[in-house]
Undergrad: 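Right, I'll just put the structure down here and ask away after.
For this chain, numbers begin at 1 and follow the sequence in order. Values below: all heavy atoms of this structure, side chains included; hydrogens, waters and symmetry mates excluded.
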Amino acid sequence: MPVKNNKDNTVKKNDSEIEQIENNLGQFIEKEYGIRPAEDACDEPDNQTISDNDTKDIQKQEKRKRRKSNREIVIAAYICMMIIVAMIVYLGKFIAADNTEMLSNPYNKLQGVLEKYTKRGDILSADGKVLATTVTDSNGNEIREYPYGKMYAHSVGFVGKGKTGIESTYNIYMLNSSINPVYEAITELKGEKNPGDDVVTTLDSKLQKVAYDALGSYKGAVLVMNPDNGEIRAMVSKPDYNPNTIAVDWNKIVNEDDEESALLNRATQGLYPPGSTFKLITMLEYIRENNNYEDFSFQCKGDADIEGVKVNCHNKKSHGKLDINMALAKSCNGAFAKMGTSLDIESYNNTCSQLLFGKELPYTGQYSKSIFDLPTDANAGLITQTSFGQGNTMISPLHAGIIVSAIANGGYIVTPHLVSHVQGGDNMTVRSFSYSKGEQVMTDREVKALRKAMGDVVNSGTAYALSASNYKVYGKTGSAEYDSSGESHAWFVGYARKNKEKLVVSIIVEGAGTGSEYAVPIAKKIFDSY
């Protein structure tokens with residue numbers, strides 16, 4: 001009897017489990033496929049039978065679910081791949097470019113570590129002159145020495161009270177050593193420093209000396225560059241300082257009462273009213289707005305009333321009847337005031353923006369952004385002043401050099417730069433810096449017109465002193481008033497060409513007077529020397 005009872009209990013238990021399984025299966029089918037099973041599977045087995053159509057529907061739904069699931073997996077895989085690719089691209093960009101900027105950051109402590117094992121490399125001119133080197137004094141201390149003293153102060157910079165110039169921008173390269181690894185290991189075993197790599201500049205020692213001497217005791221700046229590739233061949237800023245004694249002279253240089261601002265690199269950081277050099281841009285805008293620009297005509301009597309504004313030429317000199325080229329050649333304020341008031345101000349602003357006013361310049365060193373401020377609702381007084389380079393416009397010699405380079409090279413923005421390449425101890429190049437032309441900001445028609453007018457400035461205008469040379473010069477003088485007393489800075493911007501060789505100059509002499517009297521002679525000395 002106990003056995004029988006156990007058997008009955010087991011059978012009942014199994015029946016109960018089977019019933020539970022059937023109920024769960026029924027609930028699953030109803031939930032997943034919308035098919036409700038018969039109320040009593042045992043009494044009405046035929047009602048549980050699933051038709052062929054229902055089977056096909058179930059199969060289709062299963063396929064759709066699988067496709068949806070696969071699609072989600074594929075999307076997730078693509079997202080993961082995109083993240084990985086983005087990380088690889090960023091890593092590549094960092095290795096190729098950003099790492100140098102990070103390593104060159106003066107706050108990067110790695111530089112201090114490198115200085116313990118590497119003797120800082122030299123800075124050389126394009127023709128092999130040593131502009132900066134590291135020497136050891138009698139006490140065994142390393143000292144940075146500048147053989148040319150003040151001459152390269154603002155371009156090469158200094159090491160001591162911080163770093164400036166090339167010493168700062170290309171610091172990391174001079175703390176890197178590319179000597180043979182075997183020699184490097186031997187040097188380290190001896191407890192000696194490895195020689196750092198040398199930075200080779202684009203500076204021409206002869207042109208630098210000519211420019212430095214030509215500026216003389218005047219305050220101002222001289223920039224000389226190749227308009228086709230942006231190589232800076234000379235860079236001078238005065239007042240200057242002696243980088244060899246920067247630590248001793250520091251307090252005097254940074255004294256608030258000292259108005260010399262000797263640390264300021266006027267070639268790149270100085271901002272000045274452009275004076276009549278800005279007439280090149282006003283003329284460019286007039287050409288863009290007038291297909292018949294060559295028909296422009298103006299009768300100059302020395303002074304004029306333009307839109308109710310009285311405009312005077314220099315010394316109220318009468319220029320007579322002028323076309324557009326002679327208006328530039330004679331630097332007639334009245335003619336350009338007339339042009340300016342006829343221009344579309346919004347288009348004028350766009351042209352200046354295209355020429356990088358108010359924008360970042362393609363230059364790796366320290367510089368100041370130029371300013372062009374002419375609202376679309378500006379009154380006639382501001383428009384006339386702006387049209388011949390006064391008003392609220394400010395520009396650096398570097399920026400002026402970029403614009404003139406575009407005229408010289410066919411309309412393209414170039415990247416001004418001071419360094420050509422880095423070389424190891426065996427004079428082998430370990431890194432070259434290449435700079436391609438940037439955006440074309442002037443058409444061939446515009447360039448041709450500006451060159452013609454700039455040629456007339458030299459042949460029969462305010463830069464006539466440059467006309468008797470055995471090379472061709474294109475330029476524009478400027479006298480930029482900077483205070484209410486009528487004192488003015490002297491400007492000359494332009495370029496010389498002989499065969500395929502071209503050289504751009506951008507010169508400002510602070511508080512000197514007219515560009516033709518003070519800036520043009522400096523340009524002539526540079527062109528003659530080159």
Undergrad: Measuring only between side-chain heavy atoms, which start at C-beta, is L343 closer than 4.5 Å to T282?
TA: yes

Undergrad: How close do V414 and S405 get, heavy atom to heavy atom, and via which atoms?
TA: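 Closest approach of V414 to S405, heavy atoms only: CG2-CB, 4.0 Å.
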
Undergrad: State, with a plain yes or no, whether a side-chain heavy atom of I232 is found less than 4.5 Å away from one of Y363.
TA: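 Yes; the side chains approach each other to less than 4.5 Å.
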
Undergrad: Looking only at atom types and distance, does a side-chain atom of N459 sit under 3.5 Å from a main-chain N or O of S467, one as donor and one as acceptor?
TA: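 The answer is no, because no donor-acceptor pair under 3.5 Å joins these two groups.
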
Undergrad: Report yes or no: does H489 contribute a side-chain atom to a donor-acceptor pair with the main-chain N or O of G511 at less than 3.5 Å?
TA: yes

Undergrad: Scan for side chain to side chain donor-acceptor pair (under 3.5 Å) pairs involving residues 288-308, sequence neighbours excluded, and state none if there are none.
TA: R288-T351, R288-Q354, R288-E446

Undergrad: If you measure from NZ on K209 to OG on S125, what distance do you get to the nearest 0.5 Å?
TA: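 Interatomic distance, K209 NZ to S125 OG, rounded to 0.5 Å: 14.0 Å.
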
Undergrad: Which donor-acceptor pairs under 3.5 Å do the side chains of residues 389-403 make with protein atoms, sequence neighbours left out?
TA:
from : atom 1 : to   : atom 2 : distance (Å)
Q390 : OE1    : E481 : N      : 3.1
Q390 : NE2    : E481 : O      : 3.0
S396 : OG     : H399 : N      : 3.1
H399 : ND1    : S370 : OG     : 2.8
H399 : NE2    : L355 : O      : 2.6

Undergrad: Using distance alone, with no hydrogens and no angle criterion, decide if D323 and N325 have a side-chain donor and acceptor under 3.5 Å apart.
TA: no

Undergrad: Nearest 0.5 angstrom please: D204 CG to D127 CG, how far?
TA: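 Answer rounded to 0.5 Å: 5.0 Å.
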
Undergrad: Which residues pass the side chain to side chain donor-acceptor pair (under 3.5 Å) test with D456, not counting sequence neighbours?
TA: K452

Undergrad: Does K129 have more than 12 heavy atoms from other residues, nucleotides or ligands lying within 6.0 Å of its NZ?
TA: no

Undergrad: Taking all heavy atoms of P375 and all of L382, pick out the closest pair and write down the distance.
TA: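 Heavy atoms only, the tightest pair is CD-CD2, 4.0 Å.
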
Undergrad: Please determine, by modelled atom types, if T477 and T462 share a side-chain donor-acceptor pair under 3.5 angstrom.
TA: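 Yes, because at least one side-chain N or O of T477 sits under 3.5 Å from a partner of the opposite role on T462.
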
Undergrad: Less than 4.5 Å apart, any side-chain heavy atom of R120 and any of E167?
TA: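 In short, these two side chains touch, coming nearer than 4.5 Å.
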
Undergrad: Salt-bridged, R266 to E510, with N to O below 4.0 Å?
TA: yes

Undergrad: Here's one to test your reading of the geometry: is the NZ or CZ of K161 within 45 degrees of the ring axis of F158 and under 6.0 Å from its centre?
TA: no

Undergrad: To the nearest 0.5 Å, tell me how far K150 NZ sits from N242 CG.
TA: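 Those atoms lie 6.5 Å apart.
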
Undergrad: Would you compute the distance between atom CE of M235 and atom OH of Y152 and round it to the nearest 0.5 angstrom?
TA: 12.5 Å

Undergrad: If the threshold is 4.0 Å, N to carboxylate O, is there a salt bridge linking K502 and D228?
TA: yes

Undergrad: Test Y348 against every option in Y286, F357, F372 by the ring-ring contact (aromatic ring centres under 6.0 Å, His included) rule and name the one that passes.
TA: F372

Undergrad: Run Y471 and Y495 through ring pair (Phe, Tyr, Trp, His ring centres under 6.0 Å) and show every step you take.
TA: CA-CA 10 Å; Y471 47 83; Y495 70 99; over 10 Å; no

Undergrad: Is there side-chain contact between K369 and L361, with heavy atoms separated by less than 4.5 Å?
TA: no

Undergrad: Main chain of T415, side chain of H417: is a donor-acceptor contact present, judged purely on distance under 3.5 Å?
TA: yes

Undergrad: Contact between P362 and I413 at the side-chain level, heavy atoms closer than 4.5 Å - yes or no?
TA: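 Side chain of P362 against side chain of I413, heavy atoms only: contact under 4.5 Å found.
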
Undergrad: Is the number of heavy atoms from other residues, nucleotides or ligands under 6.0 Å of Y464 OH greater than 12?
TA: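 Count not over threshold, so no.
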
Undergrad: Would a distance-only check, ignoring hydrogens and angles, find a side-chain to backbone donor-acceptor pair under 3.5 Å from T277 to P274?
TA: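 Here the side-chain-to-backbone pair exists.
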
Undergrad: Mind checking the CD1-CZ spacing from I287 to F296? Nearest 0.5 Å is all I need.
TA: 11.5 Å

Undergrad: Taking only residues at least two apart or on different chains, which pairs with a member in residues 308-319 satisfy side chain to side chain donor-acceptor pair (under 3.5 Å)?
TA: none

Undergrad: Is the shortest side-chain N to carboxylate O distance from K524 to D528 below 4.0 Å?
TA: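 Salt bridge present between K524 and D528.
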
Undergrad: At their closest point, which heavy atom of M442 faces which heavy atom of A406, and how far apart are they?
TA: CE-CB, 4.1 Å

Undergrad: Checking ring pair (Phe, Tyr, Trp, His ring centres under 6.0 Å) for the pair Y173/F433: CA distance, chi angles, key distance, verdict?
TA: CA-CA 12 Å; Y173 295 104; F433 300 95; 5.6 Å; yes

Undergrad: Please collect all side chain to side chain donor-acceptor pair (under 3.5 Å) contacts where either partner lies in residues 326-345, sequence neighbours excluded, each pair once.
TA: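 Pairs touching residues 326-345 that pass the test: S276-S331, K279-S331, K279-N333, S331-K476.
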
Undergrad: Can you tell me how far apart CZ (R431) and OG (S420) are? Round to the nearest 0.5 Å.
TA: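 R431 atom CZ to S420 atom OG measures 12.5 Å (nearest 0.5 Å).
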
Undergrad: Decide yes or no for M151 and Q208: does some side-chain heavy atom of the first lie under 4.5 Å from some side-chain heavy atom of the second?
TA: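 Yes; the side chains approach each other to less than 4.5 Å.
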
Undergrad: Using side chain to side chain donor-acceptor pair (under 3.5 Å) as the criterion, list what pairs up with Q385, not counting sequence neighbours.
TA: none

Undergrad: Can you find a pair of side-chain heavy atoms, one from L131 and one from T201, that are under 4.5 Å apart?
TA: yes

